[in-house]
2 protein chains.
Amino acid sequence: MHLIARHGYAAVSMRQIAAEVGVQAGALYNYTPNKQSLLFDIMRVHMEDVLASWDAQDKTGTALKRLERFTRFHITFNLPRADEVFISYMEMRNLSSENFDQIETMRRKYETGLEDILRDGVAQGQFALPDLRITTMALIALLNGLNTWYRENGRLGLAEVERIYWDLVRKSVAV
Amino acid sequence: MHLIARHGYAAVSMRQIAAEVGVQAGALYNYTPNKQSLLFDIMRVHMEDVLASWDAQDKTGTALKRLERFTRFHITFNLPRADEVFISYMEMRNLSSENFDQIETMRRKYETGLEDILRDGVAQGQFALPDLRITTMALIALLNGLNTWYRENGRLGLAEVERIYWDLVRKSVAV
DNA sequence: TATTTAACTGAACAGATGTTCAGAAATAAA
DNA sequence: TTTATTTCTGAACATCTGTTCAGTTAAATA
């Protein structure tokens, strides 16, 4: 997973992966039918993890409170999974079309979680959005950007990052 | 360029590129010393374009006005260059280390353009930011997200997209 | 038109690719 | 210890990879 995240699925060979775990290339085929499903499994497991974890979150409270919960959840969940998140966003084009559709459906489901919160917030007059769908995509992109620059042992800790991002998100949807 | 944007640098062979333009693979080497500099040139030219075009923009006015100008410039410039932008963000890891450094320096310079505006806005009391550097990265990520979903002939035109994004950006940095 | 320059082909190169599989090695069960 | 099962090796496969280059074709110049 780390090799793929670092060099890209297409640039990493089965022999490199095998060497990394200390076996010959042929041995990998006891665990995966082919290279493609190695990629697919990484992404599928990751997306299932995301959806299950988000599903287990508290869904009560005002739209504002739920938006904060989503923001903090997204950051808390994604930061320690840099490789999975990176792969899940960078390697979509290397999925076969059936696999692509499956992963995209799961991602859409996750995005809908945010979209529902935003819609409720607008209905309750807590949020003012120029466009529901675009705001959803924009906020996801904003939060995902975190993974491109955040480094453990960097200037800021998880709690500060959460607070800073929540501040940006909160204001961007404010009335 | 389109092939690389669609399938990724590592997944596209010189023979595929040659076939796309109607020659044999060998003929490409009259135009590029190797595959790597094909990628590098795409990214270098693109970044030079961005920097030159941004440099030519009006730099006067309040921080708020300048931020609006940056937002609209970024969208207007990037939307018709989907392939270049996509490549420039996805293929960094496939650059040799010297080439990587060059492109990263140029990108940093562009980001500094935004960071300077934000800093001035804070100094003038027009913006309230939780963290200067993070806000810079977050806004860039937010704006770049546009390229992942925007489709020509879609629901929204350029002018509407600009307005919607400017609305989000403006509010996220508001006092 | 004849000559010089530029562009392209097609084959060759050494090595890498994903995948298969008979047989060896290691582990678990009897 | 013997047998059964799981795991891994190492070689082989057909094909693809980036790149080079002598020789051919096309375009520009005289």
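Just so it is clear: chains get the letters A, B, ... in the order the sequence lines come, proteins before strands, and each one is counted from 1.
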For this session: Evaluate the ring planes of A:F73 and A:Y110, with Trp represented by its six-membered ring, and classify them as parallel (under 30°), tilted (30 to 60°) or perpendicular (over 60°).
Result: tilted
Problem set entry | B:Y9 and B:F40: CA distance, side-chain angles, deciding distance, ring pair (Phe, Tyr, Trp, His ring centres under 6.0 Å) verdict | CA-CA 11 Å; B:Y9 171 77; B:F40 177 59; over 10 Å; no
For this session: Would you kindly give the NZ-to-P distance between A:K35 and D:dC16, to the nearest whole Å?
Result: 15 Å
Do any N or O atoms of the protein come closer than 3.5 Å to N or O atoms of nucleotides 4-8 of chain D, and which pairs are they?
unit_1	atom_1	unit_2	atom_2	d
D:dC8	OP2	A:Y31	OH	2.7

Exercise. Which part of the nucleic acid, if any, lies within reach of B:V12 when heavy atoms closer than 4.0 Å are counted: base, sugar-phosphate only, or nothing?
Worked result: sugar-phosphate
Exercise. Does B:S13 put a side-chain nitrogen or oxygen below 4.0 Å from OP1 or OP2 of D:dT17?
Worked result: yes
For this session: Could you tell me the separation between the CZ atom of B:R15 and the C1' atom of C:dA11, rounded to a whole number of Å?
Result: 11 Å
Exercise. Just by distance, do the side chain of B:N34 and the backbone of B:S37 share a donor-acceptor pair under 3.5 Å?
Worked result: yes
For this session: Figure out the CD/P separation between B:Q16 and D:dT15, and round it to whole Å.
Result: 17 Å
Problem set entry | Carboxylate-amine/guanidinium proximity below 4.0 Å for A:E68 and A:R170 | no
For this session: Round to a whole Å and report the spacing from CG of B:N94 to C1' of D:dG18.
Result: 15 Å
For this session: Inspect the surroundings of NZ in B:K109 and state if more than 12 heavy atoms from other residues, nucleotides or ligands are less than 6.0 Å away.
Result: no
For this session: Could you tell me the separation between the CE atom of A:M14 and the P atom of C:dT19, rounded to a whole number of Å?
Result: 6 Å
For this session: For the pair B:R107 and B:E104, evaluate salt bridge (charged side-chain N to carboxylate O under 4.0 Å, His left out) and give the outcome as yes or no after the intermediate values.
Result: CA-CA 5 Å; B:R107 170 158 315 150; B:E104 212 199 16; over 6 Å; no
For this session: Mind calculating the distance between OH (A:Y29) and P (C:dT17) to the nearest angstrom?
Result: 11 Å
